[in-house]
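Only one structure is covered here, and it is reproduced in the block below.
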Amino acid sequence: MHDAESPTADSDDAIAEAFEVVARSAPEIRGGLAGRRGKTDEQNASGETQLAADVWADDLLEERLTAIEEVGQFASEERDGVVEAGDGEYAVTVDPLDGSSNLKPNNTMGTILGVYDGDLPAPGRNLVGAAYVLYGPITTMVTAREGEVTEYVVENDGSRRAVREDVTLPEEPTVYGFGGRVPNWTDRFADYAREVANELKLRYGGAMIGDVNQVLTYGGVFAYPELESRPEGKLRLQFEGNPIGYIIESAGGASSDGETSLLDAEVEELHQRTPVYVGNRDLIERLEAGF
Ligand code: AHG
């Protein structure tokens, strides 16, 4: 593990290489979606039916990310366990296709990457880099490392050009997006949602990456909250909560599991779920105050 005082060139190489692999793979993943919208008869570790696209994107990213010398472990929302990949000190996690259920209605989807310094499962504080690709009208990528967030347009050849540097959430929040079914929200989240709905505009598309990118762009809050039937929520801490929490906190926002920063959440197992709340700091503080 590198201490903060002596980060070495390797840490930069591994993070930069992982970002580059995901950027260069993005056009291929996007191009391969059309023919892979069907369901397989397999389920992932979270008990969700896998699309052909989930499995294909996952295999593609596993092969390329584990080829990075400093990567010693790979894990994915679509795989049960950790893939050992040599003695590199970094562990990478992916949600290869976030929002798979959006493929059928041709709505936005994404790919999420986390780069942890140390073995998995790991707390969010071990992240040294995180990124997501958004398959929207254009393909963009957001990266975060050393407290700085950058947005890129990804070209068809996988090259990318920075379009926004040192990205921070706008001071004035504008949008909100809350997952789950309203009757399944807890009373305390429903109270919070009512307050926020009176102040902001609803933007919920069913893929975390699309909804989070709205919050990063316009300011506001995204939540996939605790539910009456599922107090731990739906999203996975290791593959979704931690990387997105890292990115939003790097952009001057805040993240929470309802009590504390997602990055400080206790990690028990690789596929553990967590409620996810990310956005402008005062909106997250108001949520925690009401919990
Ligand atoms: P999936 O990849 O199975 O479609 O799940 C996506 C996640 C996340 O991206 C999104 O915020 C949430 O699930 C949407 O869940 P609902 O379908 O319950 O709204």
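Order of listing sets the numbers, starting from 1, for every ligand and every atom in it. All values reported here derive from a predicted model rather than from experimental measurement.
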From CA spacing to verdict: side-chain hydrogen bond (donor to acceptor under 3.5 Å, both in side chains), E288, S256: CA-CA 8 Å; E288 290 183 342; S256 181; 2.5 Å; yes
Check against side-chain hydrogen bond (donor to acceptor under 3.5 Å, both in side chains), D211 and Y224: CA-CA 11 Å; D211 298 327; Y224 202 103; over 6 Å; no
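Salt bridge annotation for R79-D59: present, with a cationic side-chain nitrogen under 4.0 angstrom from a carboxylate oxygen. Using a cutoff of 4.0 Å between basic side-chain nitrogens and carboxylate oxygens, D191 and R194 are scored as salt-bridged.
Close approach to S101 involves these atoms of ligand 1, each under 4.0 Å from a residue heavy atom: 4 (O). Residue-ligand proximity, F222 to ligand 1, at heavy-atom distances under 4.0 Å covers atoms 11 (O). Taking every non-hydrogen atom of M208 and a distance limit under 4.0 Å, the qualifying atoms of ligand 1 come out as 8 (C), 9 (O), 10 (C), 11 (O). Within ligand 1, the atoms closer than 4.0 Å to a non-hydrogen atom of A207 are 9 (O), numbered from 1 in the order shown.
Nearest protein neighbour of atom 1 (P) of ligand 1, counting heavy atoms only, is S100 N, 3.7 Å. In terms of protein heavy-atom proximity, atom 13 (O) of ligand 1 is nearest to K234 NZ, 2.9 Å. Distance from atom 7 (C) of ligand 1 to its nearest protein heavy atom, with residue and atom name: L235 CD2, 3.7 Å. Of the protein's non-hydrogen atoms, the one nearest atom 6 (C) of ligand 1 is G99 N, 3.6 Å.
Taking only nitrogen or oxygen atoms, main chain and side chain alike, Y224 reaches within less than 3.5 Å of ligand 1. The distance criterion of under 3.5 Å between nitrogen or oxygen atoms is met by Y204 with respect to ligand 1. Below 3.5 Å of separation, one finds no N or O of N102 facing any N or O of ligand 1. Between E240 and ligand 1, no pair of N/O atoms sits closer than 3.5 Å. Considering backbone and side-chain atoms alike, G179 places every N or O at 3.5 Å or more from each N or O of ligand 1.
Within 6.0 Å of the CD atom in E266, the count of heavy atoms belonging to other residues, nucleotides or ligands does not exceed 12. For E69, the CD atom counts as loosely surrounded, since its 6.0 Å shell holds 12 or fewer non-hydrogen atoms of other residues, nucleotides or ligands.
Side-chain contact check for E62 versus S76: every heavy-atom pair is 4.5 Å or farther apart.
The aromatic rings of F291 and Y277 stand perpendicular to each other, their planes meeting at an angle above 60°, with 30° marking the opposite boundary.
Between the side chains of T111 and Y135, at least one donor N or O sits under 3.5 Å from an acceptor N or O.
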